[in-house]
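Below, chains carry the letters A, B, ... as their sequence lines are ordered, and counting in each starts from 1.
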There are 2 protein chains.
Amino acid sequence: MQRGSFQAMKSLNKSIILTKILNDGPISRAQIAKETKLTPPTVGSLVKELIDQKIVKESTQGMSKGGRKPTMLVIDHQAYYMIGIDAGPTKIDIVLTNLAGDIISNLQYQLPLPITEAQFLDKLIEGTEEILKLNSERANDVIGIGVAMHGVVDAEAGESLYAPNLDLHNMPIKQTLANHFAYLVSIENDARALALAETWFGQGKGSDRLVAVNIGTGVGAGVAIDGELYRGESHIAGEIGHMTIDLNGEVCSCGNRGCLQTIISGPAIAERTNKLMKEGVTTSLTEGDHLTAYDVYKAAESGDQFAKMILTETGKYIGIGLTNLIHTLNPSQIILNGGVAKAGKYLLPAIKATVKERALTASAKSTAICLSDLGDHATALGAVALILVELFAKNGEISI
Amino acid sequence: MQRGSFQAMKSLNKSIILTKILNDGPISRAQIAKETKLTPPTVGSLVKELIDQKIVKESTQGMSKGGRKPTMLVIDHQAYYMIGIDAGPTKIDIVLTNLAGDIISNLQYQLPLPITEAQFLDKLIEGTEEILKLNSERANDVIGIGVAMHGVVDAEAGESLYAPNLDLHNMPIKQTLANHFAYLVSIENDARALALAETWFGQGKGSDRLVAVNIGTGVGAGVAIDGELYRGESHIAGEIGHMTIDLNGEVCSCGNRGCLQTIISGPAIAERTNKLMKEGVTTSLTEGDHLTAYDVYKAAESGDQFAKMILTETGKYIGIGLTNLIHTLNPSQIILNGGVAKAGKYLLPAIKATVKERALTASAKSTAICLSDLGDHATALGAVALILVELFAKNGEISI
DNA sequence: CTTTATTTTATCACTTTAGTTAATTTAATT
DNA sequence: AATTAAATTAACTAAAGTGATAAAATAAAG
């Protein structure tokens with residue numbers, strides 16, 4: 001536990017003020033004092049420091065309520081810039097954003113497979129250099145690089161422990177980037193970064209117990225409690241892809257039977273579709289190894305009833321998985337992401353109906369479940385949010 | 001967020017010192033200063049206050065290491081007493097303990113069924129009065145009453161929202177007891193209180209991410225993270241009894257199929273045993289409606305191979321449920337409690353083997369799993385721990 | 001339409017709290 | 001007697017709290 005000191009007290013109060021401006025800005029000094037119970041002089045002097053640090057600025061004057069007009073304070077979103085890297089199994093997506101998460105610049109690289117550790121790390125450096133070159137006038141205001149890496153990540157050590165699709169182990173990503181660039185570097189698992197993206201930029205703003213579920217080739221979840229990521233004892237909290245929900249189900253890549261992933265992932269949907277087609281149904285789809293979940297979605301879009309049924313059924317299974325999640329973590333909000341979630345139109349009604357049917361209590365039944373609206377760069381924005389967390393934890397005082 | 005103030009800073013430091021003495025006592029002022037990074041004068045003055053409040057006392061002098069002998073400090077376990085009530089579905093168990101959780105006095109009441117709300121609340125008051133009368137010389141040093149109530153509990157409001165076995169709703173337990181006794185009153189769900197008991201008095205001491213799983217008539221779990229209970233958004237975090245693990249399993253009382261509870265609870269074990277016996281097996285057990293899980297345990301104890309097989313199988317299913325728990329919450333430790341856990345001798349090897357087989361990573365595979373050693377009054381001790389939490393949060397300054 | 005009173009925002013000067021530094025006392029060991 | 005460790009005392013300082021004051025607006029009165 002951190003001891004109490006004058007510095008700690010000041011830092012805490014500064015953080016409270018900064019967070020207040022972030023969440024409720026534009027806001028006046030007087031209003032901050034009222035809502036935080038800090039005294040006006042304290043607010044004044046700490047705001048002065050925040051303005052000196054450039055992270056906060058005075059904006060327009062507000063409306064008077066029968067006295068002197070308040071000077072409104074806002075975060076200076078243009079003060080600093082951040083780089084976010086979504087390091088996926090097949091491609092790398094890089095964004096440069098301001099503090100509001102507005103994407104200023106974007107780059108994408110396809111990964112040559114197979115790839116060596118050196119090649120992969122070089123690609124990260126190359127991409128970062130490239131986006132900095134494209135935005136050279138802002139390079140001096142860049143404060144950090146965030147990396148959302150697929151696979152198992154040790155965020156504290158800054159390492160990618162295991163990237164299954166690339167078959168790479170123990171890559172010192174943070175160290176490598178920190179050696180090449182004079183910026184703060186932070187790395188995290190992609191599913192968890194996504195949860196952070198939702199709390200900073202998505203529909204999870206203000207939610208204090210959010211789960212972001214990613215359903216694609218695999219299934220994973222990130223858990224954010226009170227704005228902080230919950231990682232568990234050994235970085236595997238939220239590994240719901242391998243939650244057993246069917247004792248006698250299909251065999252999973254992990255060796256067990258009936259993992260959630262064997263039922264609701266993209267490949268699982270394709271496989272189930274193929275299987276059912278063998279039994280003979282009326283559909284526009286063509287059976288075969290190349291059939292994907294996206295094909296099923298497209299067929300549903302063009303009115304194929306069988307495809308719609310498949311997706312509704314998938315929604316039911318997702319709902320069962322989410323109900324298990326609700327009964328253990330009991331989040332206030334669940335946000336769905338990933339390739340499969342793009343078929344949300346067909347999945348969501350079934351998901352919600354299933355949770356409503358199966359959850360134990362009234363409030364559990366009405367747990368907010370929605371589709372992410374962050375778009376294609378969601379994970380890269382999560383990487384950016386890693387830097388924001390650091391910036392705000394340090395009250396805007398970034399020093400590499 | 002709580003603002004930083006002189007009071008808050010002092011309170012935090014006092015709490016750090018008190019916790020240090022609790023966990024590492026007997027310990028000297030100098031040692032506390034070293035380990036907490038607080039300065040010796042700060043430690044000295046705050047310890048003085050703690051001694052004035054009677055919660056800390058000086059004990060024997062320690063060994064000198066080449067200078068003045070250190071004065072060792074310890075929690076004064078005899079300074080205050082607490083009452084803990086385990087309000088179960090059929091009986092009430094009341095204990096009076098000192099701050100170390102040593103049981104000084106104990107009472108038990110069988111509940112007359114059916115029972116009305118007034119009768120139930122009266123029973124709680126009657127029991128508390130009785131144990132106070134039996135310990136009249138200590139009544140003045142009692143600081144609080146903790147209640148571990150079965151069913152759904154709103155700890156903040158101090159109410160039992162729903163007690164399924166008694167069919168009682170919205171009982172204002174905290175209010176009722178607070179009106180009758182001039183003590184602090186705290187109430188919590190029994191499974192969660194149990195988790196607290198393990199962190200304060202059991203094998204979970206010092207564990208910062210503990211799950212206490214109760215397997216009896218029903219199945220539930222309490223989650224304690226960094227010494228605090230994790231309740232979730234609507235008080236149902238840890239409701240693992242209704243986690244679906246078999247899509248096509250038996251129908252549960254909740255209406256769904258394949259809830260963990262339909263496989264590993266006491267009644268479920270009995271039912272499965274009956275079912276298998278119909279298929280014809282060699283066993284000393286007699287089929288029938290009156291067969292209980294305890295009978296199976298007794299048969300296993302007297303060498304019945306069939307009974308042992310049933311319990312091993314049950315252990316496998318418990319292991320699957322715990323693996324799901326590990327993949328979502330990723331605790332550092334799981335402690336098993338409740339009637340079924342009494343057959344732990346036969347269950348535990350299978351549980352551990354299953355987790356080892358199914359968990360994803362090496363550290364997840366080796367999650368510590370053990371049987372509770374708290375004995376019969378475990379839940380009542382959890383109720384007592386509720387008061388300890390309050391006492392230590394307030395640095396020993398209890399005021400009703 | 002000007003003047004005055006009132007209200008709200010923000011700051012300044014002074015006080016108080018409690019941690020920090022450095023020196024001192026106490027009491028042991030070598 | 002010298003040294004070392006524990007605990008306390010006294011002076012210092014950081015940062016919040018209190019109360020007064022300045023600034024700038026609106027509302028009311030003449």
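Close to C/dT20, at under 4.0 Å from its OP1 or OP2, lies a side-chain N or O of B/Thr42. Residue B/Arg3 places at least one side-chain N or O under 4.0 Å from the OP1 or OP2 atom of D/dG17. At C/dT8, none of the side-chain N or O atoms of A/Arg29 fall inside 4.0 Å of OP1 or OP2 (strictly under the cut-off).
Under the ring pair (Phe, Tyr, Trp, His ring centres under 6.0 Å) criterion, B/Tyr230 pairs with no residue, sequence neighbours left out.
When the P atom of D/dA15 is taken as reference, atom CD of A/Gln7 falls 7 Å away, rounded to whole Å. In this entry the distance linking CE of B/Met63 with P of C/dA27 reads 18 Å, nearest Å. Residue B/Met9 contributes atom CE, which lies 8 Å from atom C1' of D/dA15 at whole-angstrom precision. Computed from coordinates, the A/Ile32 CD1 to C/dT9 P distance equals 12 Å when rounded to whole Å. Taking atom CD1 on A/Ile27 and atom P on C/dT9, their separation rounds to 11 Å, with Å as the unit. The nearest whole Å value for the distance from the NZ atom in B/Lys10 to the C1' atom in C/dT20 is 16 Å. With rounding to whole Å, A/Leu38 atom CG is found 12 Å from D/dT18 atom P. When the P atom of D/dA14 is taken as reference, atom CG of A/Asn13 falls 17 Å away, rounded to whole Å.
A salt bridge links B/Glu58 and B/Arg29; the closest N-O separation between the charged side-chain nitrogens and carboxylate oxygens is under 4.0 Å.
Nucleic acid contact class of B/Pro40 (heavy atoms, under 4.0 Å, all strands): base. A/Pro41 comes within 4.0 angstrom of a nucleotide base, judged by non-hydrogen atoms across all strands. Among the atoms of the strands shown, none is found under 4.0 Å from any heavy atom of A/Ser45. Heavy atoms of B/Thr39 sit under 4.0 angstrom from at least one base atom.
Nearest-nucleotide positions on DNA chain D for B/Phe6 and A/Lys69 put B/Phe6 closer to the 5' end. Between A/Ser28 and A/Gly4, the one whose closest nucleotide on DNA chain C sits nearer the 5' end is A/Ser28.
Looking at A/Arg68, its side chain has no donor and acceptor atom pair within 3.5 Å of the base of C/dT8.
Ranking D/dG17, D/dA7, C/dA18 by closeness to the B/Ala30 side chain, first place goes to D/dA7.
Panel note: side chain A/Asp226, backbone A/Glu228; no donor-acceptor pair is recorded below 3.5 Å.
Within the model, atoms CZ of A/Arg192 and CG of A/Leu229 stand 7.0 Å from one another, a figure rounded to the nearest 0.5 Å.
Residues B/Leu99 and B/Leu391 form a side-chain contact, since some pair of their non-hydrogen atoms from C-beta on lies under 4.5 Å apart.
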